[in-house]
Amino acid sequence: MENLLANCVEKNLSQFMFTNAIFFCERLLAEFPSEVNLQLLARCYLSNSQAYSAYYILKGSKTPQSRYLFAFSCFKLDLLGEAETALLPSEDYVDEVPGGAAGHYLLGLVYRYAGRKNSSIEQFRMALSFDPLCWEAYRELCSLGAAEEASTVFGNSAFQRLQETFVTQRINFSEGANIDQLTDSDKASRDTSLWRTEHVPGENQQDPKIRQLGADIPPDTDRQLNTNGWDLNTPSPVISQVLDAPPPLLHKNMLRSAVEGSLMSVHGGRRIKFSEEMSAEATEGSGRRRSARIAARKKIPMSQSFGKDSYRLHLSPSESNCVPSPSSMIEKCRIQSSKEATTSGQSISDIGSSVDDEENKNPSESSPDSSSLISGISEVLNLLKILGNGHRHLLMYNCQEALLVYQKLSLKQYNTHWVLVQVGKAYFELQDYFNADSTFTLAHQKYPYALEGMDTYSTVLYHLKEEMRLGYLAQELISVDRLSPESWCAVGNCYSLRKDHDSALKMFQRAIQLNERFTYAHTLCGHEFAALEDFEGAERCYRRALSIDTRHYNAWYGLGMTYLHLEKFEFAQHQFQLALKINPRSSIIMCYYGIALHESKKNDEALNMMEKARLTDAKNPLPKYYKANILASLGDYHKAQKVLEELKECAPQESSVHALLGNIYKQLKLYDKAVLHFGTALDLNPSPSDAVKIKAYMERLVIPDELAMEENL
Amino acid sequence: MATESSESEEEGKIRGGNDKLIIEEDLREMSKNAAWSVSSCKPGNGVTTLRDDNLETYWQSDGLQPHLINIQFQKKVKLQLVVLYVDFKLDESYTPSKISIRAGDGFHNLKEIKSVELVKPTGWVCLSLSGTDPRETFVNTFMLQIAILSNHLNGRDTHIRQIKVYGPRPNPIPRQPFQFTSMEFLTYSTLR
């Protein structure tokens, strides 16, 4: 009965019938209380988004697998302290972080959320050393600013690690091979039967295999989570091969079937459990990331055996790092949104059919083709090197380099959502809004269900003042997913463009409610408060954004602007300095830093900063304007005039340039020119208050003339 | 000033009102930075009802005419528009009729800048503070006083449901003499 129930639960889990699974798991646990079954129930709860239930049942468990699940539940419930203690090795527990790379990654996240930057960096690095395909750990390192060069991370040591991993797996399983007749339930039963060897001594056909496998697996009381097993098989490669139903095309490769066949065994079962937990929560950010990681790792076996092309074929249009593979649980690894459900529906039937195909092809070769393995690994690592490099450059704001790196990708990889969003962001950071717009538009058209990065897209449209398109985007995003913070950010930007700052603020606050750790939403809130002149509120929002992500330079910039408005110029300087440290190529920040310096009477430094800004970005006309302003206020009218005349050539339609020129000519007593420029300024549609100002200046100009005339008379 | 006083002798008459309040983009509400007070009120219908964005609640005065609403700012601000919500159909003899708007540094030197007569208003009534001279688009002042000199049907007390005061938007870039108008300048002027 135990087997039957366990099979049933596994099947329900794989088909997303969570409540059914929970029901049967409870029966199972009641009849046969054991650690394994407890973990199974925890998995069911986690899959059904009931982290609190999983938390309660796993409290106090000591086995590594349970500890990992418990830590995961704590993390979901935001109980970071408990998660940490569960994950850290201690005398009671085995001397290691359970879960291998995944455990380290989880611990890294816990530390990051708690604000312990160095510990988190250490953990992410360990995660990567355990499993070089833990891409999310690398991403986290990039965003913390502590990532090493991609070529070292995904270089030779990674290569060797992967090789070891995969080769040892094959050695383990080659003896346990020849499992031809496989359906889902069979596989599950075999797996569970292994666990339950104690309970069910008499499973005939599986015994020999068990014993064989038992021999390979170093004896350990913890049958479910063999710590050595963790080391050898950083989980995913097995599972994906177990559950991955490659499209029929790929079946032609006998090697694959051999590998798959051999892997339909114990470890596969364990891994199912493990990765299912991992992919349980697909809607929350961290869950998403973890699932992305698993998905990324699952890429290996695919590519190792199939080669690069086949797994790309396998990729439905999605980012390269997330394999939306047919397998049900991998499907759960939805990074962007919940719309890939349709792929999974098909994939489940695929599994069935492909497994049948498997049966036909007798895995005659049990010896792995090592050269294809090597080429597979190296291809994956090369891809990761490029992507990692690009991502690292982007987050260090070396946008030009990032763009160059991404160009090296093949067209197929380039046109995936993730890469397009990265490229779009690179253009955005360079203030090249037109190119950013075209890239993001392409990304959105091709992948309308993918929401990551759409908040940046909405900001690009905001900068370009495209009200209609922004409105459309916001509507589309909301219709795709009302519960994603990016959609609400887009809506907020839409209102903000129309100057309805109160509503915009409400929208951004909604985004924050949906995901407290969505840094950009906090920054945007801050911008809206600033627009409403509520500078205290703005400061609060910016600081909150910075507490989540210290390297979010937009928030530093926002703080600087707030202090400028409040006339606290020293503070403003400090904030702009910090912003510049993070993003040293932003001419806009340099300009404002210069303004702050000027207001603090450090005029030479201010002028230098403006020069620097001008050199950094030749397309930005503002450094010249600000420089002229500073020179004029210092009384150096001739220089100011020269600068402005140059500027006038570049930007003839700008009213403020003419207005400032007018003022300067007035100081230089060239009244005719002054009048001319004031007139031009008025023609160019200045804001109403400026118009009044300029008219007032013009009036005052006329009077000295009249006086002069009267004197002559 | 000469032009203004001649204007105040003519009485502008305003009929009707708008149901919806539509304000130009380049104006923003100034009321948040101001201290509001009234000359008298009936308990339960005090000054907060003027600022609660609720058209059901109203301020009811309780004394002799003229009834006064005082709006005081901490520093001199530019004001362009005053908007009132009044409804003859609901309030009948409580509806204000003659309104005088005064501005100055404080209670001691208020001068009338606008005078209007409302005729059966039903909705939002916009009173522009600009003079005819383009230089006088704004009124630069510390204090604004709205005086209700008389009501419809010679009512003694008055009801006003909402008041909003508008001025120009400030320069989003601090410490700059002029605002930017062209796309290129605006693109590079802020980070978001």
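First the proteins, then the strands, lettered A, B, ... as listed; each starts at 1. In this text, all values refer to a predicted model and were calculated from it rather than measured experimentally.
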Candidates A:Asn620, A:Leu622, A:Thr616 - the one meeting side chain to side chain contact (heavy atoms under 4.5 Å, CB included) with A:Met590: A:Thr616
Given a strict heavy-atom distance threshold of 4.5 Å, which part of B:Pro172 is in contact with chain A: side chain, backbone, both, or neither? backbone
Side-chain donor-acceptor contact under 3.5 Å, A:Glu570 with A:Tyr563: no
Give the member of B:Pro168, B:Pro170, B:Gly167, B:Ser189 that has the highest number of heavy-atom pairs under 4.5 Å with chain A. B:Ser189
Identify which of A:Glu533, A:His501, A:Lys465 forms the greatest number of heavy-atom pairs closer than 4.5 Å to chain B. A:Glu533
Do B:Gln176 and A:Asn629 meet the criterion of a side-chain donor-acceptor pair at a distance under 3.5 Å? yes
For chain A, the option from B:Asn171, B:Leu186, B:Ile173 that forms the most heavy-atom pairs under 4.5 Å: B:Ile173
Under the criterion side-chain contact (heavy atoms from CB on, under 4.5 Å), I'd like the reasoning laid out for A:Lys506 against A:Asp502: C-alpha separation, chi angles, the key distance, then a yes or no. CA-CA 6 Å; A:Lys506 273 194 220 131; A:Asp502 289 298; 5.6 Å; no
Partner of A:Tyr542 under side chain to side chain donor-acceptor pair (under 3.5 Å), picked from A:His527, A:His522, A:Gln575, is A:His527
What is the ring orientation for A:Phe576 with A:Tyr592, classed by angle as parallel under 30°, tilted 30 to 60°, or perpendicular over 60°? parallel
Per side chain to side chain contact (heavy atoms under 4.5 Å, CB included), B:Tyr166 is matched among B:Gln80, B:Glu29, B:Lys78 by B:Glu29
Is it the backbone or the side chain of A:Leu684 that comes under 4.5 Å from a heavy atom of chain B, or both, or neither? backbone
Which bit of A:His598 is near chain B, if near means a heavy-atom gap under 4.5 Å: side chain, backbone, both or neither? neither
Would you mind checking which part of B:Leu27 comes under 4.5 Å of any heavy atom in chain A, side chain (CB onward), backbone (N, CA, C, O), both or neither? neither
Could you tell me whether the side chains of B:Thr190 and B:Arg192 share a donor-acceptor contact shorter than 3.5 Å? no
Side chain from CB out, backbone as N, CA, C, O: work out which of these in A:Phe569 comes under 4.5 Å of a heavy atom of chain B, or both, or neither. side chain
Sort out for me which of A:Thr523, A:Asn663, A:Asp617, A:Ile589 touches chain B most, counting heavy-atom pairs under 4.5 Å. A:Asp617
Chain B heavy atoms under 4.5 Å from A:Lys693: which part of the residue, side chain, backbone, both or neither? side chain
Can you say whether A:Cys591 sits under 4.5 Å from chain B via the side chain, the backbone, both, or neither, judging by heavy atoms? neither
With respect to chain B, which residue among A:Ile588, A:Leu564, A:Leu532, A:Asn554 yields the maximal number of heavy-atom pairs within a distance under 4.5 Å? A:Ile588
Quick one: of A:Ala531, A:Ser586, A:Ser656, who has the most non-hydrogen atom pairs under 4.5 Å with chain B? A:Ser656
With respect to chain B, which residue among A:Ile694, A:Asn493, A:Asp534 yields the maximal number of heavy-atom pairs within a distance under 4.5 Å? A:Asn493
Non-hydrogen atoms of chain B under 4.5 Å away: do they reach the side chain of A:Glu528, the backbone, both or neither? side chain
Can you tell me which portion of A:Asn685 sits under 4.5 Å from chain B's heavy atoms? Options are side chain, backbone, both or neither. backbone
Cation-pi check, A:Lys627 onto A:Tyr625 ring (under 6.0 Å, within 45° of axis): no
Pick one of side chain, backbone, both or neither for B:Phe138, based on which atoms fall under 4.5 Å of a heavy atom in chain A. side chain
Which atoms of A:Glu654 are under 4.5 Å from chain B, going by heavy atoms: the side chain, the backbone, both sets, or neither? both
How are the rings of A:Phe535 and A:His565 set to each other: parallel, tilted or perpendicular (split at 30° and 60°)? parallel
Counting only heavy atoms closer than 4.5 Å, note whether A:Asn583 contacts chain B via side chain, backbone, both or neither. neither
Measure A:Leu566 against the heavy atoms of chain B and call it side chain, backbone, both or neither at under 4.5 Å. neither
Looking only at side-chain N and O atoms, does A:Gln573 offer a donor or acceptor that is under 3.5 Å from a partner on A:Lys602? yes
Pairing donors with acceptors under 3.5 angstrom, does anything connect the side chains of B:Ser182 and A:Gln653? no
